A.B. asks: 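My questions will all concern the structure given below.
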Amino acid sequence: MKPNISITKVGESKVDALDFNNIPLGTTFTDHMFICDYENGEWTNPRIVPMGLIPTHPAAMALHYGQAIFEGMKAYKDAEGEPMLFRPEQNAKRLNLSADRMGMPNVPEDLFVDGLKELVSLEHNWIPPHQGSALYLRPFMYADEPFIGMRAATHYKFIIMASPAGPFFSKRIKLWAEKQFIRAATGGTGEAKAAGNYAAAIRPTELAKAKGYDQVLWLDATEHKYIQEVGTMNIFFKINGEFITPELDGSVLHGITRASVIEMLRAMNYSVTERKITIDEIKKASRNGMLEEAFGTGTAVGIAYIQEIGLENETIHVSDESPVGLEVNDTLNAIKTGQLEDRFGWMTKVEKELV
Ligand SMILES: *Cc1c(COP(=O)(O)O)cnc(C)c1O
């Protein structure tokens with residue numbers, strides 16, 4: 001174990017009180033969290049402490065000016081019960097991409113990965129054993145300097161918390177193609193996992209839900225015709241045998257599931273193109289019977305199948321006849337849980353701490 005992370009353990013773990021067959025979504029947290037402070041230009045005092053409240057000054061800059069970014073990833077167990085992380089260095093890189101855009105300091109990749117490993121090692125009993133379940137990890141950074149005024153903060157906190165998550169039942173979802181509100185514009189913050197992006201998406205998502213849809217399908221900010229992505233997922237279409245996903249043009253989140261799915265599809269000899277794609281092209285493909293499948297990709301759900309896309313005056317129906325995505329999802333899950341050989345070199349093992 002890395003010597004420079006100090007550890008203060010709880011007296012008694014709460015894990016025994018958790019029913020792994022019935023995990024409340026997003027409200028259960030493990031015993032500990034990892035914290036690190038940024039001051040005087042460097043990260044100091046990395047520590048694992050009991051999960052609890054953090055005193056916050058009312059002028060903490062994140063609350064006013066929104067310097068707040070996050071990551072999302074999962075820890076799994078392999079067949080022998082050994083904890084594993086899926087591509088954690090990719091999350092470290094993306095956190096720093098977000099940090100750069102938001103004028104926040106970078107977190108050294110090994111601090112990020114060591115903090116994760118140490119926390120998962122200590123909390124390995126919280127990784128749900130059931131197929132499809134995992135320990136969700138939420139690394140995040142925010143400006144905690146008390147200051148009124150517009151500039152980059154000089155004090156930040158980097159925290160990792162962990163929350164067990166049950167299997168996600170992925171029914172086919174319905175998307176609402178949004179032509180009034182936008183998520184991200186060229187030159188904006190769309191490719192940062194910045195808290196404010198999600199704040200701006202809440203109301204449009206609620207309106208879409210009120211119309212009977214599950215999520216918003218975001219279109220470009222200027223012409224409202226180029227497809228960007230969905231809620232917290234990237235999107236893939238299969239048209240006439242070929243997979244297409246919107247290119248990373250600065251307004252689309254660099255999904256790690258997206259990158260992994262592209263690699264897997266290519267390894268299966270499918271052609272995958274990253275390019276601009278319009279909602280009209282999807283409409284036409286559906287009419288001609290060439291829209292063979294459509295799915296969203298993200299850490300939370302893996303692959304979510306899309307059933308239909310609602311537009312102002314019509315509905316685009318997606319076929320479900322040859323779902324290659326289901327096969328990709330099964331393969332991805334089998335790699336993450338050590339049931340299939342890690343042939344892409346994606347998994348990082350974590351040593352279990354003897355508690
Ligand atoms: C997190 C996120 C994704 C998916 O990223 P993964 O690394 O695959 O989990 C896609 N779009 C948005 C907007 C996101 O916030």
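What you see is a predicted model; the values in this text were computed from it and never measured. In listed order, ligands and their atoms are each counted from 1. For the single chain, residues carry numbers from 1 onward in sequence order.
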A.B. asks: Report the nearest protein non-hydrogen atom to atom 15 (O) of ligand 1: residue, atom name, distance rounded to 0.1 Å.
C.D. replies: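 Answer, as residue, atom name and distance: Tyr198 OH, 2.4 Å.
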A.B. asks: May I ask whether Gly231 has any heavy atom positioned less than 4.0 angstrom from an atom of ligand 1?
C.D. replies: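 Yes; Gly231 lies near enough to ligand 1 that a heavy-atom distance drops under 4.0 Å.
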A.B. asks: With a heavy-atom distance limit of 4.0 Å, tell me whether Ile256 approaches ligand 1 through its side chain, its backbone, both, or neither.
C.D. replies: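 Contact part for Ile256 vs ligand 1: both backbone and side chain.
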A.B. asks: For the rings on Phe70 and Tyr142, is their centre-to-centre separation under 6.0 Å?
C.D. replies: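 No.
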A.B. asks: In ligand 1, which numbered atoms sit nearer than 4.0 Å to a non-hydrogen atom of Gly255?
C.D. replies: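 Once the distances to Gly255 are compared, the set is 5 (O), 6 (P), 7 (O), 8 (O).
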A.B. asks: Does any part of the side chain of Trp43, heavy atoms only, come nearer than 4.5 Å to the side chain of Tyr156, both counted from C-beta?
C.D. replies: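 Tyr156 vs Trp43: side chains touch.
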A.B. asks: Do Lys171 and Asp214 sit within salt-bridge range, that is, some charged N less than 4.0 Å from a carboxylate O?
C.D. replies: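 Counted as a salt bridge, because a side-chain N and a carboxylate O are separated by less than 4.0 Å.
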A.B. asks: Output the list of atoms in ligand 1 that are nearer than 4.0 Å to some heavy atom of Arg183, sorted by atom number.
C.D. replies: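 The list of qualifying atoms is 13 (C).
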A.B. asks: Kindly identify the option in His254, Glu229, Glu71 whose heavy atom sits closest to atom 12 (C) of ligand 1.
C.D. replies: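 Looking at heavy atoms only, the winner is Glu229.
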A.B. asks: Side chains of Gln228 and Ser251: donor-acceptor distance under 3.5 Å anywhere?
C.D. replies: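 Yes - a donor-acceptor pair under 3.5 Å links their side chains.
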A.B. asks: What I want to find out is whether Arg172 reaches Glu308 closely enough, with some N-O distance under 4.0 Å, to be called a salt bridge.
C.D. replies: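 No, this pair does not count.
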A.B. asks: If we ignore angles and hydrogens, is there a donor and acceptor under 3.5 Å between the side chains of Asp31 and Ser13?
C.D. replies: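 There is such a pair (donor and acceptor under 3.5 Å, judged by atom type) between the side chains of Asp31 and Ser13.
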A.B. asks: Report the nearest protein non-hydrogen atom to atom 4 (C) of ligand 1: residue, atom name, distance rounded to 0.1 Å.
C.D. replies: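 Going atom by atom, the protein heavy atom closest to atom 4 (C) of ligand 1 ends up being Thr232 O, 3.5 Å.
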A.B. asks: Yes or no: does Gln90 have any heavy atom under 4.0 Å from an atom of ligand 1?
C.D. replies: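 It does not, in that no heavy atom of Gln90 comes within the 4.0 Å cut-off of ligand 1.
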A.B. asks: What do we get for Glu191 next to ligand 1 when only non-hydrogen atoms under 4.0 Å count, side chain, backbone, both or neither?
C.D. replies: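 For Glu191, no heavy atom sits under 4.0 Å from ligand 1.
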A.B. asks: Distance under 4.0 Å to a non-hydrogen atom of Arg94: what atoms of ligand 1 satisfy this?
C.D. replies: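 What qualifies from ligand 1 is 5 (O), 6 (P), 7 (O).
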A.B. asks: Specify the protein heavy atom at minimum distance from atom 8 (O) of ligand 1: its residue, its atom name, and the distance to 0.1 Å.
C.D. replies: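 Ranked first by proximity to atom 8 (O) of ligand 1 is Thr257 OG1, 2.6 Å.
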A.B. asks: At less than 4.0 angstrom from any non-hydrogen atom of Lys193, what atoms of ligand 1 do you find?
C.D. replies: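 Counting atoms of ligand 1 from 1, those under 4.0 Å from Lys193 are 1 (C), 2 (C), 3 (C), 14 (C), 15 (O).
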A.B. asks: Taking only heavy atoms of Thr299 into account, list the atoms of ligand 1 that are under 4.0 Å away from them.
C.D. replies: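 Counting atoms of ligand 1 from 1, those under 4.0 Å from Thr299 are 6 (P), 7 (O), 8 (O), 9 (O).
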A.B. asks: Testing the 3.5 Å rule here: is there a donor-acceptor pair between the side chains of Glu145 and Thr154?
C.D. replies: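 Looking only at side-chain atoms, Thr154 and Glu145 do form a donor-acceptor pair, the distance falling under 3.5 Å.
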A.B. asks: So that I can tick it off, tell me whether Glu274 and Arg258 are bridged by a salt bridge, with the cut-off set at under 4.0 angstrom between side-chain N and carboxylate O.
C.D. replies: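 Salt bridge present between Arg258 and Glu274.
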A.B. asks: Have Asn21 and His130 got a donor and an acceptor in their side chains that come within less than 3.5 Å?
C.D. replies: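 Per modelled atom types, Asn21 and His130 side chains form a pair under 3.5 Å.
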